Amino acid sequence: MELSDRYSPEDVENRIYKWWEEKGYFEADDTSTKPPFSIILPPPNVTGQLHLGHALDHTIQDVLIRWKRMSGFNALWLPGSDHAGIATQSVVERELRKEGVRRQDMGRDPFVDRVWQWKHQYGNRIVEQMKRLGDSCDWRRHTFTLDEGVSKSVRRVFVDLYKKKWIYKGTRLINWSPALESALSDLEVEYQDVKGSLWHIRYPLEDGSGDVTVATTRPETLLGDTAVCVNPTDERYEGLIGKKVLLPLTDRKLEIVADDYVDKEFGSGVVKITPAHDFNDYEIGKRHDLEFINILNKDGTLNENVPEKYRGLTAAKARKQVVADLEELGFLVKEEPHQLSVGHCSRTGCVVEPFLSEQWFVNMSEISIPAKRVVESGTVKFEPETWTKTYLHWMNNIQDWCISRQLWWGHRIPAWYCDDCGHIVVSEKDPSECENCQSKKLRQDEDVLDTWFSSGLWPFSTMGWPNETEALKTFYPTNVLVTGHDIIFFWVARMVMSGLEFMSDVPFRTVYIHGIIRDSQGRKMSKSLGNSVDPVEMIDTFGADALRFTLMSQMSSGRDLKFSTQRLEGYRNFMNKIWNATRFALAGLEDFEVPAEGVNALPDVNDMSYADRWILHKLGEVEKAVDQDLKNYRFSDAAGALYSFTWHEFCDWYLEFSKPVVYGENEAEKQATLLVMAQVLNRVMRLLHPFVPFITEELYQKLPIRSEALIVDEYPTVKTDKALLELGSEEIAFELDLVREVITAIRNIRGENRIKPGEKIKVRLSPQDDKGQKILSANKVSITRLAGLESCDILPDGSLAKCAVTPVQYLGIAVDVIVPLEGLVDFDEEIQRLEKNIEKSEKEISGLTKRLGNENFVKNAPEDVVAGQKKQLDQLKSKVDSLRESLLRLKS
RNA sequence: AGGGCCUUAGCUCAGUUGGUAGAGCGCCACCCUUACAAGGUGGAUGUCGUCGGUUCGACCCCGGCAGGCCCUACCA
């Protein structure tokens, strides 16, 4: 068995992953008798490359799935990918543009074929990257949002909601992306603060008796004005309501109407009303029965409803022209700088135009009611809980959802128009004739559905709904949904609504919301900033395990986390530590005979060392902590507990303590220690596995005690390890802690006095009672070795002349650690060390004295706190006395 | 405008019923000690953003202020 002295992930990861897959370990069973545990993976876009955000999101899920799988659950992690209408269509269009082709030239069907081609070629890229990360999904169930099954679900839901009249078609003002020439939902609009201007424009009164001045940030929309509006209580304009003004640049006359909406304080108190291009104006237009004049084409240029000179101009160009013309004609009163918030298309970044058009909508008022209730009642829990508020706030203000998109890539809306009678057929199956007049002249609606419409059905559409499948019976509702807060509205809320409506049950019981990954300076990672970190590159350099552990170690309480390669490097080193610790242990275990009981084998307690019983005690503590932490989604705590147990307890102390035993002569003790070592190592691999699956599986396969595969071995807990952990001893653990304190004290004297590690020194330990005597004697060999001693005498009395002395107190046991310095060093360093220690202790003493001198403290604080502080004070005092004596001796 | 979050060592962050602050990295010193220099041992470092309140006692609870971040929203 040869292991190199460095861990090379590249030699391990692909091989191990393939083996897991071949063995079918990721596969969940629809009909298992084991308790189910299921997670649906938020389906990444087919166009996507794995980014660090995915890496984080997936690692959390994989940790949970692996943990549950090992804990005896029938664990399903259901993967998929999203057709991502806009994103994918854009990618292919961009490709076509390079060939000089526009999709409009190709026609719909050939274009869609072309997108499918692209999908078949590149759509699997992200899946391959997920495998690099170690995602243990049940790949047999991988679902694409345009798969036949999902399409069936989509149509079923659409038809059902249409029949309930919750889906309707209507002409309304919606957000329009001129770049996409498609409608957008409210959520797809991102508002950004932009520096703009407020133009004050004079509108003359028709009767020539003067004029009114309106203020606007969008002068070009003036061409679509159909009224001006004032506040009904505004005295300045009292007499003007009902009169008409002449709209500059046109030959239109506009009525002056009154509406509470107008803020008297802002601008001039007169607002121009453009009902077809502004959401507020739209409402006012409806209230006052105004004319709606649409002045835009689909591509955002001005249309035939404006004077000829402006037709065909983009909104931006038209604005310049309109302002110039107004100025020339003397209508422009002034222009002042003004900050405003402008909606941009989240996909293309173009400015979104409010646009009047006929679209499909979902009325959310009914369907959102139960979705609110389940969160209020805690049936669906957010973790961290603070997101509950965000969710409910949105739900309480929910607007109708515009679901139609003027794209070609996606689920086409299952509505057909009859050319003869105008009837609309909405149907799950493609109809062959009009259900009203039996005409065969049916045209399907050209539009497709918002991508989130299909994703919103994900928890059940992926499990075969509307069929009543075994998968649904077993795995729905899922246990936890893991995602970032950016898609709570887009996705989480919609799944809750659809799940309750169509499955009569919540889609998941817990929503775990994690933070966003930022760069080391706390900025969002983005292509434009060029600060994105490619996780695949990180895996190539540091290994998937190191990356996973880095992410988990920072994953606390849903807060954003900053990514740094330095930290990644640190955890890469941790992987190496695990590797080498195992390498060392395996060398010791080479001719160790595994008892027949295997993982249940227990050493004879009489042969066990202090360290053996100490490490088993610590093992119990870490098992308990990790179990609690994982249950509470405290990933960084779990990772931290595992890190410090493995490195600082198992490696730094236990393996060092075990060396003298393993290299020693006492065969019974040696066998006991080797068995403990093999057992603990086995638990370390199992405990670490969900976090760092590759290295642990690789090493596990070389362990003397193991079963077939780590990935399906049992996750260790204080329950499963009861018999083994009972051999640990808290009392002996404390006693060994005293020994560790003594060793540390010797090392400290050595370090502070600059005695080189190679220099063997003589030490005398002076225990103050029998118990100390017993403990130290039992561990003399270890102390000698771990402190690098030539000899170690345990004598209660003896000369202290020319010695460094450190009093060690631990849980009522006192030991003086005495190192004769004569001939080794001069005493300057030691004098400094003592003075420093005295100073430090005296500071604490004065603090304690002050507190204990405070009558109110003694009177009010709990007895045990007061007693504890008193004891601490006594101990410190005797410590300082002893240090003072040493100091005097050295100085004399 | 409304709501939420954050401020702790040089950096990144823990700190779960209020008892006097920790980790990792970095830094300093000494070491290639037979698992590991991607390592070992020892060491230094904080008026816990600021002001006030409650309390015997506050990083923790309450309020004001300052600074940073995010979300929601129709102010032309």
Side-chain angles (χ1 to χ4, degrees), chain A residues 3 5-7 191 198-199 214-218 221 229 261-263 265-274 278-284 338 340-341 354 386-387 389-390 393-394 397 485-486 488-489 516 518 520 522 542 546 553-554 556-564 566-567 569-588 632 634 636-637 640 643-644 648 651-652 655-656 659 663 743-744 747-758 785-788 833 836 844 847-848 851 854-862 864-866 868-869:
Chain A
L3 291 183
D5 64 357
R6 283 202 182 176
Y7 171 55
Y191 288 89
L198 191 61
W199 285 275
V214 302
T216 180
T217 54
R218 300 196 57 193
T221 62
C229 189
Y261 157 75
V262 178
D263 178 356
E265 308 300 320
F266 189 90
S268 60
V270 186
V271 185
K272 63 192 259 326
I273 303 298
T274 321
D278 182 281
F279 287 99
N280 296 309
D281 295 4
Y282 178 74
E283 294 301 322
I284 294 177
H338 183 72
L340 70 163
S341 133
T386 156
W387 293 106
K389 250 183 263 172
T390 311
H393 180 262
W394 187 70
N397 295 286
H485 58 75
D486 46 339
I488 291 180
F489 308 142
I516 305 284
R518 299 170 173 281
S520 56
F542 298 100
S553 74
Q554 291 186 86
S556 65
S557 62
R559 276 181 47 178
D560 288 357
L561 43 97
K562 292 180 192 167
F563 184 82
S564 94
Q566 222 176 33
R567 195 159 176 155
E569 214 174 294
Y571 291 114
R572 185 270 316 266
N573 296 352
F574 179 46
M575 296 307 111
N576 204 44
K577 190 75 184 175
I578 297 169
W579 181 262
N580 276 301
T582 309
R583 197 159 70 95
F584 163 75
L586 289 176
N632 295 316
R634 308 209 37 133
S636 64
D637 287 353
Y643 180 93
S644 81
H648 300 307
C651 294
D652 288 351
L655 289 182
E656 295 303 326
K659 279 176 185 174
Y663 300 145
I743 293 167
T744 303
R747 287 170 173 173
N748 176 275
I749 291 170
R750 197 196 258 288
E752 297 279 290
N753 283 291
R754 295 169 206 275
I755 303 169
K756 298 203 189 267
R785 186 182 173 100
L786 267 62
R833 183 182 79 94
K836 201 171 67 186
E844 290 179 58
L848 284 167
R851 203 168 312 137
N854 181 341
E855 271 179 45
N856 286 324
F857 171 71
V858 179
K859 208 164 59 188
N860 293 319
D864 57 324
V865 172
V866 178
Q869 309 252 309

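Since we're looking at a predicted model, the values are computed, not measured. Lettering follows sequence order; numbering is per chain, from 1.
For the atom pair CZ of A/R6 and CG of A/N580, the computed distance is 9.5 Å after rounding to the nearest 0.5 Å.
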Grab the N/O contacts between the protein and nucleotides 28-32 of chain B below 3.5 Å, and write none if there aren't any.
from: B/rA29; atom 1: O2'; to: A/R754; atom 2: NH1; distance (Å): 3.0
from: B/rC31; atom 1: OP1; to: A/K756; atom 2: NZ; distance (Å): 2.7

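Here A/T386 pairs with A/P384 under the side chain to side chain contact (heavy atoms under 4.5 Å, CB included) rule; sequence neighbours left out. Residues that satisfy the ring-ring contact (aromatic ring centres under 6.0 Å, His included) test with A/Y571, not counting sequence neighbours, are A/F549, A/Y643. Annotation: salt bridge (charged side-chain N to carboxylate O under 4.0 Å, His left out) contacts of A/K756 (sequence neighbours excluded): none. A/T274 pairs by the side-chain hydrogen bond (donor to acceptor under 3.5 Å, both in side chains) definition with A/D225, A/K272, not counting sequence neighbours. Shown here are the side chain to side chain contact (heavy atoms under 4.5 Å, CB included) partners of A/Y261, two or more places apart in sequence or in another chain: A/D259, A/N280, A/I284, A/R287. With sequence neighbours excluded, no residue satisfies salt bridge (charged side-chain N to carboxylate O under 4.0 Å, His left out) with A/E844. Partners of A/Q566 under the side-chain hydrogen bond (donor to acceptor under 3.5 Å, both in side chains) rule, at least two apart in sequence or in another chain, do not exist in this structure.
Residue A/E656 contributes atom CD, which lies 11 Å from atom P of B/rC36 at whole-angstrom precision.
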List the protein contact pattern of nucleotides 69-76 of chain B with one symbol per nucleotide (5' to 3'): B for base contact, S for sugar-phosphate-only contact, - for none; contact means a heavy-atom distance under 4.0 Å. ---S-BBB
Would you mind building the protein contact string for nucleotides 17-25 of chain B? One character per nucleotide, 5' to 3', B for base within reach (heavy atoms under 4.0 Å), S for sugar-phosphate only, - for untouched. --BB---SS
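For the pair A/K659 and B/rA35, the criterion of a side-chain N or O lying under 4.0 Å from OP1 or OP2 is met. Under 4.0 angstrom from either OP1 or OP2 of B/rA38 there lies no side-chain N or O belonging to A/R572. A sub-4.0 Å separation between OP1 or OP2 of B/rA35 and a side-chain N or O of A/Y663 is present. OP1 or OP2 of B/rC13 sits under 4.0 Å from a side-chain N or O of A/K562. The shortest distance between the side-chain N/O atoms of A/N573 and the OP1/OP2 oxygens of B/rG39 is below 4.0 Å.
Of the candidates B/rG40, B/rG42, B/rG15, B/rG42 carries the atom nearest the A/E752 side chain, counting heavy atoms from C-beta on.
If you check every strand for non-hydrogen atoms under 4.0 Å, A/C229 touches nothing. Counting any heavy atom pair closer than 4.0 Å across all strands shown, A/R747 reaches sugar-phosphate atoms only and no base atom. Contacts of A/D652 with the nucleic acid, taken as non-hydrogen atoms under 4.0 Å apart, involve only primed sugar atoms and P, OP1 or OP2.
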Donor-acceptor pairs under 3.5 angstrom involving side-chain atoms of residues 854-862 of chain A: please list them, not counting sequence neighbours.
from: A/N854; atom 1: OD1; to: A/N856; atom 2: N; distance (Å): 2.9
from: A/N854; atom 1: OD1; to: A/F857; atom 2: N; distance (Å): 3.4
from: A/N860; atom 1: ND2; to: A/N856; atom 2: O; distance (Å): 3.1

So what's the dot-bracket for RNA chain B: Watson-Crick or G-U pairs under 3.5 Å, [ ] if a pair crosses, | if it pairs off-strand? (((((((..((((.....[..)))).(((((.......))))).....(((((..]....))))))))))))....
